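Have a look at the structure below, then the notes.
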Amino acid sequence: MLDLKFVRGNPQKVQEALASRGAKLSLTEFLRLDEQRREKLFTVEQMKNRRNVVSEEIGRLKKAGKDEPDMIVEMRDLSRSIKEKDEEIKEVEGRLQEILLDIPNIPHESVPVGADAADNQVVRQWGKPRDFGFAPRPHWEIGENLNILDFERGGKVTGARFCFYKGLGARLERAIISFMLDLHTGEHGYTEIFPPFMVNRDSMIGTGQLPKFAEDMFKIEGTEYYLIPTAEVPVTNLYRGEILDGGKLPISHCAYSACFRAEAGAAGRDTRGLIRLHQFNKVELVKFCKPEDSYAELEKLTGNAEKVLQLLGLPYRAVVLCTGDMGFSSAKTYDLEVWLPSYQDYKEISSCSNFGDFQARRAGIRYRNDKGKVELAHTLNGSGLAVGRTVAAIMENCQEADGTVTIPEVLRPYMGGLGKIG
RNA sequence: GGAGAGUUGGCCGAGUAGGUUGAAGGCGCUCGCCUGCUAAGCGAGUAUACGGGCAAAACCUGUAUCGAGGGUUCGAAUCCCUCACUCUCCGCCA
């Protein structure tokens, strides 16, 4: 959510910034409502002031044994008018809020302007796609051949875009989760969180999934709970409505969770394998920091995610998303894309974003600065990494001609010392 | 799921015959004083949001907030209703 006062003072700037990310939006309605709100608020507050003053007077008189029926009658009318006015204000505020909640974040000035993914810029490249010397197989074939992935039964037991991991496949998934959590807690200074996998509506609004993207979410029937699309939601909302101690910032959390996505707009895309499932595992990195630190923290957080890929020996590149390709809440995003031989391309495996104060304003995440003043914190998060895609990348990049998969060194302690699958 | 008790400021905790209670008192914290140091002591201050004044900060001022929402009333932390959460006992359960 943008700052109402900022939008009021800089409508032109806001409009231009949002146009750069392809969001068409007129602020005239918004500005009109804002004007109305303040006007009505001013009136009703004066009325309330009078009511308070007179009511106090009535109390005083009553104590002195005097009745003031005229005053009470006057106040009865006044209270009725206040009630009407309050309702008008509530309506205007509701509409204002609706508009405000639907406006995406303003991109940071360092973000390249562009229309879509084609305008994203590669900022770093690490490792080289391997020269196999044989025809590499896609991971879904390797997985089925080794009997460690079972998509068919996933479809039977649940439905499309669900999968069973079996045997060493399941073990590998678990090993990766443990490896990543150990790395981030042990080397990168994150505190581990194990969050609820369902959250309430306010939390979904807090991080920006609702109200705009309801169709992407799984809602639990008969409750007000949603399955989390990422641990970002529960972990960022940990401090919703709180004022944090500025001395404790930055706060860094990492969290494993299952993630649930309806993938409403993704029909026909990535239909095979582990790349796009309704349920997948992810280790998420989340930070809360002071505004002046957030862009430096974004670089660090992205580096922490990259470290995972480097230790696994997976070729990747880091891309800065252009204005037109960024997510709704983000001010700046780096995607990490891992090399996938089956795609003959780099595929997103992590997305690291600085949200500025956008989520913090929605969620009321603030801190007290050195001067004792309360300010909005900045929030960040990134995948560190998506686990299913990591499994896919390992299976494809580390496959051998005989159909086996070599396990990266760093994972072997988590695999009971095993060096390969197959 | 059944029965009961609760939800007040950073924390603890008063406040139930409705009327200067945004809220006593204590703790904590900040600043000042005092003590050779430490401990203790003394004084002052210590919520947030949104309006208005203002170019703006400081500041002044108004409104709202005692779990959330609604109701009764001239006036509600105090009365009524709905919901959420917490605790205790029972049931069930990993």
Side-chain angles (χ1 to χ4, degrees), chain A residues 1-11 13 30-101 194-206 219-220 222-226 234 237-249 251 258 291 357 360-377:
Chain A
M1 191 161 67
L2 300 182
D3 180 18
L4 186 130
K5 282 179 196 149
F6 180 79
V7 178
R8 182 189 300 154
N10 310 276
K13 244 189 217 171
F30 175 85
L31 294 170
R32 208 196 80 228
L33 289 168
D34 176 53
E35 185 80 34
Q36 259 184 39
R37 167 174 175 270
R38 280 184 293 156
E39 201 183 291
K40 287 175 191 292
L41 209 53
F42 186 73
T43 319
V44 82
E45 283 183 359
Q46 282 183 324
M47 291 160 81
K48 283 180 179 173
N49 179 234
R50 166 134 181 93
R51 180 175 69 184
N52 287 346
V53 169
V54 175
S55 290
E56 213 173 280
E57 180 65 18
I58 292 173
R60 213 172 291 129
L61 289 171
K62 210 149 209 176
K63 231 171 212 170
K66 284 186 232 170
D67 268 342
E68 279 302 335
D70 289 353
M71 281 174 138
I72 289 180
V73 168
E74 187 205 334
M75 285 305 102
R76 194 174 294 155
D77 288 344
L78 184 62
S79 267
R80 201 173 299 129
S81 310
I82 288 174
K83 206 170 183 178
E84 283 166 17
K85 209 82 191 166
D86 268 341
E87 254 151 49
E88 285 174 37
I89 290 170
K90 210 168 145 189
E91 201 189 309
V92 171
E93 283 186 338
R95 277 195 281 164
L96 264 176
Q97 191 73 355
E98 237 171 75
I99 295 173
L100 220 42
L101 285 174
F194 191 89
F197 291 2
M198 298 179 203
V199 296
N200 60 29
R201 187 180 161 78
D202 283 345
S203 294
M204 283 297 202
I205 289 173
K219 188 174 182 199
I220 314 290
T223 73
E224 274 304 310
Y225 299 152
Y226 296 82
N237 279 283
L238 249 185
Y239 305 116
R240 170 152 56 81
E242 297 189 22
I243 298 174
L244 303 166
D245 176 359
K248 298 245 164 68
L249 298 179
I251 294 172
D357 61 15
R361 185 173 294 107
R362 288 177 160 244
I365 302 167
R366 295 167 297 170
Y367 75 100
R368 206 173 291 280
N369 66 20
D370 310 336
K371 295 185 190 101
K373 260 194 77 179
V374 173
E375 276 189 88
L376 289 169

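FYI, side chains are in, hydrogens and waters are out, and symmetry mates aren't considered; it's all heavy atoms of this structure. Naming: A, B, ... by sequence-line order, numbering from 1 per chain. None of the values given here were measured: they were computed from a predicted structure.
- Residue contacts for A:Lys40: at a heavy-atom cut-off of 4.0 Å it reaches no nucleic acid atom on any strand shown.
- Nucleotides B:A64 and B:A55 place their C1' atoms 28 Å apart, quoted to the nearest Å.
- Spacing of P atoms, B:G67 relative to B:A77, comes out at 10 Å, to the nearest Å.
- Taking atom C1' in both B:G15 and B:U20, the straight-line distance is 16 Å, to the nearest Å.
- Projected onto RNA chain B by closest heavy-atom contact, A:Asn49 and A:Lys373 fall at different nucleotides, the more 5' of which corresponds to A:Lys373.
- For the C1' atoms, the distance from B:G6 to B:U16 is 15 Å, rounded to whole Å.
- Taking a 6.0 Å sphere around CE of A:Met198, one finds it holds 12 or fewer heavy atoms contributed by other residues, nucleotides or ligands.
- Residue A:Tyr367 is out of contact with every strand shown, counting any heavy-atom pair closer than 4.0 Å.
- Between atom CG of residue A:Asp202 and atom CG of residue A:Asn237 there is a gap of 8.5 Å, rounded to the nearest 0.5 Å.
- Partner assigned to B:A5 is B:U86, using Watson-Crick or G-U wobble distances below 3.5 angstrom.
- The existence of a salt bridge linking A:Arg80 and A:Asp77 is confirmed by a sub-4.0 Å separation between a basic side-chain nitrogen and an acidic carboxylate oxygen.
- For the P atoms, the distance linking B:A68 with B:U8 amounts to 10 Å, nearest Å.
- Counting non-hydrogen atoms under 4.0 angstrom, A:Arg37 reaches the backbone sugars and phosphates but no base.
- The residue A:Val374 sits close only to the backbone: its heavy atoms come under 4.0 Å of sugar-phosphate atoms, none of a base.
- A:Ile89 comes within contact range of no nucleotide atom at all, as no heavy-atom separation falls under 4.0 Å.
- Figure legend. B:G75 is base-paired to no nucleotide; pairs are counted as Watson-Crick or G-U wobble with both atom distances under 3.5 Å.
- Taking atom P in both B:G1 and B:C27, the straight-line distance is 44 Å, to the nearest Å.
- Residue A:Ile58 is classed as a base contact, given a heavy-atom separation below 4.0 Å to a base.
- Pairing partner, B:C92: none, since no Watson-Crick or wobble contact has both distances short of 3.5 Å.
- Both A:Met71 and A:Val53 lie close to RNA chain B; mapped to their nearest nucleotides by heavy-atom distance, the more 5′-ward contact belongs to A:Val53.
- Protein chain A contacts RNA chain B from B:G19 to B:C85, reading 5' to 3' and using non-hydrogen atoms of the protein with a distance under 4.0 Å.
- B:G18 sits 8 Å from B:G75 when the C1' atoms are compared, rounded to a whole Å.
- The pair A:Glu224-A:Lys219 meets the salt-bridge criterion, since a charged nitrogen lies less than 4.0 angstrom from a carboxylate oxygen.
- At the heavy-atom level, A:Arg8 lies under 4.0 Å from the strands shown only through sugar-phosphate atoms.
- Checked for salt-bridge contact, A:Arg60 and A:Glu57 meet the test: a charged N lies under 4.0 Å from a carboxylate O.
- No contact: A:Arg50 has no heavy atom under 4.0 Å from any strand.
- When Watson-Crick and G-U wobble pairs are counted only if both distances are under 3.5 Å, B:U63 pairs with B:A49.
- Under the Watson-Crick and G-U wobble criteria, each requiring two contacts below 3.5 Å, nucleotide B:G25 is paired to B:C12.
- Of the nucleotides present, none pairs with B:A57 by Watson-Crick or G-U wobble criteria with both distances under 3.5 Å.
- The distance from atom CE of A:Met75 to atom OG of A:Ser55, rounded to the nearest 0.5 Å, is 6.5 Å.
- Base pairing annotation: B:U30 forms a Watson-Crick or G-U wobble pair with B:A44, both donor-acceptor distances under 3.5 Å.
- Around CZ of A:Phe197, the count of heavy atoms belonging to other residues, nucleotides or ligands within 6.0 Å exceeds 12.
- In this structure, A:Lys40 does not pair ionically with A:Glu93, as no charged nitrogen and carboxylate oxygen lie closer than 4.0 Å.
- Using C1' as the reference atom, B:G19 and B:G13 are 24 Å apart when rounded to the nearest Å.
- Side-chain atoms of A:Arg362 come within 3.5 Å of backbone atoms of A:Ile205 as a donor-acceptor pair (strictly under, hydrogens ignored).
- Partner assigned to B:G69 is B:C81, using Watson-Crick or G-U wobble distances below 3.5 angstrom.
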